[in-house]
Amino acid sequence: MNKPTVVRVRFAPSPTGFLHIGGLRTALFNYLFARNNNGKFILRIEDTDRTRYVEGATENLISILNWSGLDYDEGPYLDTHGKIYQKGDYGPYIQSQRIEIYKRYAMELLKKGFAYRCFCSPQRLEEVRKLQLLNKQPPKYDRLCRNLSETESNRRAAIEPYTIRLKVPDEKIVFTDIIRDKVEFDGSLIDDQVLLKSDGYPTYHLANVVDDHLMEITHVIRGEEWLSSTPKHILIYKYLDWQPPQFAHLPLLLNPDRSKLSKRSGDVAVEEYKKEGYLPEALLNYVALLGWSTEDSQQIFTKQELIDKFSLSRCSKSPAIFDKQKLLWMNSEYIRKTDPYKLMEYSIPFFVSYGIKIDINNSEIKEYIVKLIQLEQQKIKLLKDIPYMIEFFLKPDTEIEYKENVVKKYFYLDTQKQILIEVRDMLQTITQFDKTTLEHQLRNFCSNRGYKTTEVFQLLRAAVSGRSEGPGLFDLLFFLGKERVINRINLVIKKFFLNIK
RNA sequence: GGCGUCAUCGUCUAGGCUGGUUUAGGACGCCGCUCUCUCAAGGCGGAGAUCACGGGUUCAAAUCCCGUUGACGCCA
């Protein structure tokens, strides 16, 4: 009886820093594939390369993955105190806690004759490599230790450090990739990969294969940079008598200069996008379109649509450049559709870093901010922009910043002063200080006195906000309130027109 | 250096398997007009791709085949 095969996929990052945009895309595709197939999505931490380990990187990875909304079914999680705990029947999910397992399989390979001990020193390896490069040969281990007799190998193992290498046969290794179809490699050209390092730690290749098997991973969905090492993995499966999973190698994500997306050029840390005020849904939606598309070229997807419509067969093979402009557009699309109350909540940390203190226990001020956000919602591209866009509603009248170009343009003519005085006096008489009344009165004011609306409205805007752009004037005045409006006009008259007759 | 992968507007891509319905479709960006108290958003329109190149198969190729080139990745 075959048990029904449940789709199981994993995202297996190395904790070497922050979660990378490329990593997020890989995680997303795994997530979508799992959810689409009613399968399991697993997080595994591949931290066996101790030289690249960064303190706190695992916690970081988990928390940013959490922020992105890609929930997984098994793996390490963070508790409320930020401590790691693990959940799932296939654990531990952190490779550094599985070292003995890898050792065991390395030994099995050794025993079966599919691997061998290599006693070559790093210095000798380096010399061999140099010589090969000099002769324009591909740098590759010369297999010196491959033919050591068993007794010789055992004898030296007792007294010398050694690594364990895979015996790569001189034959063609062919496999079918879901995205790329048939891929063929010549075994005679592949290096005898080190599986177990002299310190007893496994290399990526061994640990990865062992875990994928033990965790019953059915589909390996990863970046194209792993395509060339796949034949080695296939070999390990074969030698251990295991059924290999199906492979799908995603096209690479590139910098605008067409190099592999890297930390060196541009922002690649998901953390950075969070800090800039991108919504996770927008980031995910954008990244989903890098290497995947629907036939009708749909651009905006809900998460559920993404899950329902996703399929590996619609993934493209060619690499994609990460285009920040389009991401920005998509983010504003999402912000426009987000509930203003949520936007208010999301924007609080951005107010803090902007230097505006908001009393989060004061529901009145929060309501007010929600209204203000609503006024500008169409224009917000990043959450980061919110404080700047509405700060003049929140600052005391005396702290309004008057832009230089505004002062030059609006606060220097005698007629402008006159208009301000007249408008102020007119506004003073309005008892119903609401939008419709304001609009009605201001338009009447203009037509009665023969002023152009643009002239008066922009002048008023400048006087109360210090800017030449912003929300509609009547909204602006209404949400400021009569008292502050009058006060600000007076302040401007005093401050800028004092020297004018 | 070897091996591998890829190749449609500046960018993301549809179409390619099952050749003609494609004067190659959509999205971002760009430009213009419009709406308008401003900035956006919206509406309308525009520019932008000899489908990398060369050869073949065919009445017909972006689509099938072969080769070349380029880009990128991996191996240290």
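All values reported here derive from a predicted model rather than from experimental measurement. The sequence lines fix the lettering, A, B, ..., with proteins before strands; numbering per chain opens at 1.
- Side-chain N/O atoms of A/Ser293 include one lying less than 4.0 angstrom from OP1 or OP2 on B/A14.
- When the options A/Gln377, A/Arg336, A/Glu376, A/Gln374 are evaluated for a side chain to side chain contact (heavy atoms under 4.5 Å, CB included) with A/Leu343, the one that passes is A/Gln377.
- Where A/Trp329 and A/Arg129 each meet RNA chain B at their nearest nucleotide, the meeting point lying more 5' is that of A/Trp329.
- In this structure, A/Arg336 reaches the sugar-phosphate backbone alone: every heavy-atom distance under 4.0 Å involves primed, P, OP1 or OP2 atoms, never a base.
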Check your understanding: Can you check side chain to side chain contact (heavy atoms under 4.5 Å, CB included) on A/Ile489 and A/Leu460, steps first, answer last?
Key -> CA-CA 8 Å; A/Ile489 296 173; A/Leu460 238 189; 3.8 Å; yes
Review point. When you look at A/Asp170 and A/Arg146, which way does the salt bridge (Lys or Arg N to Asp or Glu O under 4.0 Å) test go after all the steps?
Key: CA-CA 13 Å; A/Asp170 289 345; A/Arg146 184 157 164 166; 5.7 Å; no
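- Which of B/C72, B/C37, B/C28 sits closest to the side chain of A/Leu252 comes down to B/C72.
- A/Pro251 comes within 4.0 angstrom of no nucleic acid atom, judged by non-hydrogen atoms across all strands.
- Distance, A/Glu333 CD to B/A40 P: 16 Å, rounded to whole Å.
- With both ends at atom P, the span from B/U38 to B/C33 equals 15 Å, rounded to whole Å.
- Using a 4.0 Å heavy-atom distance criterion, A/Thr453 is classed as a sugar-phosphate-only contact.
- Residues A/Tyr334 and A/Tyr278 keep their aromatic ring centres 6.0 Å or farther apart.
- Counting only heavy atoms from C-beta on, A/Lys326 has its side chain closest to B/A27 among B/A27, B/C74, B/A40.
- Rounding to the nearest 0.5 angstrom, the gap separating the OG1 atom in A/Thr454 from the CG atom in A/Leu459 is 12.0 Å.
- Nucleotides B/C72 and B/G45 are separated by 40 Å at their P atoms, to the nearest Å.
- A/Leu473 places its CG atom 9 Å from the C1' atom of B/U38, with the value rounded to the nearest Å.
- Within 4.0 Å of A/Arg461, counting heavy atoms only, lies at least one base atom of the nucleic acid.
- The A/Glu225 side chain lies nearest to B/G73 when the options are B/U13, B/A14, B/G73.
- Atom OH of A/Tyr141 is separated from atom P of B/A76 by 14 Å (rounded to the nearest Å).
- A 3.5 Å limit on both hydrogen-bonding distances identifies no Watson-Crick or G-U partner for B/A62.
- If you take atom P in B/G15 and the same atom in B/C64, they sit 13 Å apart, rounded to whole Å.
- Here the options are A/Arg25, A/Lys317, A/Arg180, the test is salt bridge (Lys or Arg N to Asp or Glu O under 4.0 Å), and the partner is A/Glu224; only A/Arg180 passes.
- Note on A/Arg314: every side-chain N or O is 4.0 Å or more away from OP1 and OP2 of B/G16.
- The separation of B/C35 from B/C53, taken at their P atoms, amounts to 44 Å, rounded to a whole angstrom.
- Between the NE2 atom of A/His233 and the P atom of B/C75 there is a distance of 10 Å, given to the nearest Å.
- Counting only distance, with no hydrogens or angles, the side chain of A/Ser332 and the backbone of A/Leu328 share a donor-acceptor pair below 3.5 Å.
- Using P as the reference atom, B/A49 and B/G10 are 6 Å apart when rounded to the nearest Å.
- Applying the Watson-Crick and G-U wobble criteria (two distances, each under 3.5 Å), B/G32 pairs with B/C44.
- Taking atom CD1 of residue A/Ile300 and atom C1' of nucleotide B/A27, one finds them 9 Å apart after rounding to whole Å.
- Comparing the P positions of B/C9 and B/G1 gives an interatomic distance of 28 Å, to the nearest angstrom.
- Using a 4.0 Å heavy-atom distance criterion, A/Gly472 is classed as a base contact.
- Applying the Watson-Crick and G-U wobble criteria (two distances, each under 3.5 Å), B/U22 pairs with nothing in any strand.
- Nucleic acid contact for A/Gln299: base, since at least one base atom lies under 4.0 Å from a heavy atom of the residue.
- The CG atom of A/Leu254 sits 7 Å away from the P atom of B/G73 (whole-angstrom rounding).
- A/Lys409 and A/Gln458 are not linked by any side-chain donor-acceptor pair at a separation below 3.5 angstrom, with hydrogens and angles left out of the test.
- Among the atoms of the strands shown, only primed sugar atoms or phosphate atoms (P, OP1, OP2) are found under 4.0 Å from some heavy atom of A/Glu184.
- Across B/A41 and B/C30, the matching P atoms stand 9 Å from one another, rounded to whole Å.
- Comparing the C1' positions of B/C28 and B/A14 gives a spacing of 15 Å, expressed to the nearest Å.
- Spacing between atom CD of A/Glu439 and atom P of B/U38 amounts to 13 Å, rounded to whole angstrom units.
- Comparing B/C37, B/G15, B/U5 by their closest approach to the side chain of A/Thr454 singles out B/C37.
- Not a single donor-acceptor pair, N or O on each side, falls under 3.5 Å between the base of B/C6 and the side chain of A/Lys317.
- The nucleotide whose nearest atom lies closest to any side-chain atom of A/Glu469 is, among B/C37, B/U11, B/U38, B/U38.
- Between A/Arg25 atom CZ and B/C12 atom P the separation is 12 Å, expressed in whole Å.
- Figure legend. B/G67 is base-paired to B/C53; pairs are counted as Watson-Crick or G-U wobble with both atom distances under 3.5 Å.
- In this model, a donor atom of one side chain and an acceptor atom of the other lie less than 3.5 Å apart for A/Tyr116 and A/Asp192.
- Checking B/A41, B/U13, B/C6 against the side-chain heavy atoms of A/Gln378 singles out B/A41 as nearest.
- Distances were taken from every side-chain heavy atom of A/Phe185 (C-beta onward) to each of B/C3, B/G10, B/U13; the shortest belongs to B/C3.
- Closest-nucleotide positions on RNA chain B for A/Lys232 and A/Gly470 were compared, and the one nearer the 5' end corresponds to A/Gly470.
- Remark: B/U11 base-pairs with B/A27. Criterion, Watson-Crick or G-U wobble with two distances under 3.5 Å.
- Figure legend. B/C75 is base-paired to B/G1; pairs are counted as Watson-Crick or G-U wobble with both atom distances under 3.5 Å.
- Closest to the A/Gln458 side chain, of the nucleotides B/A76, B/A27, B/C37, is B/C37.
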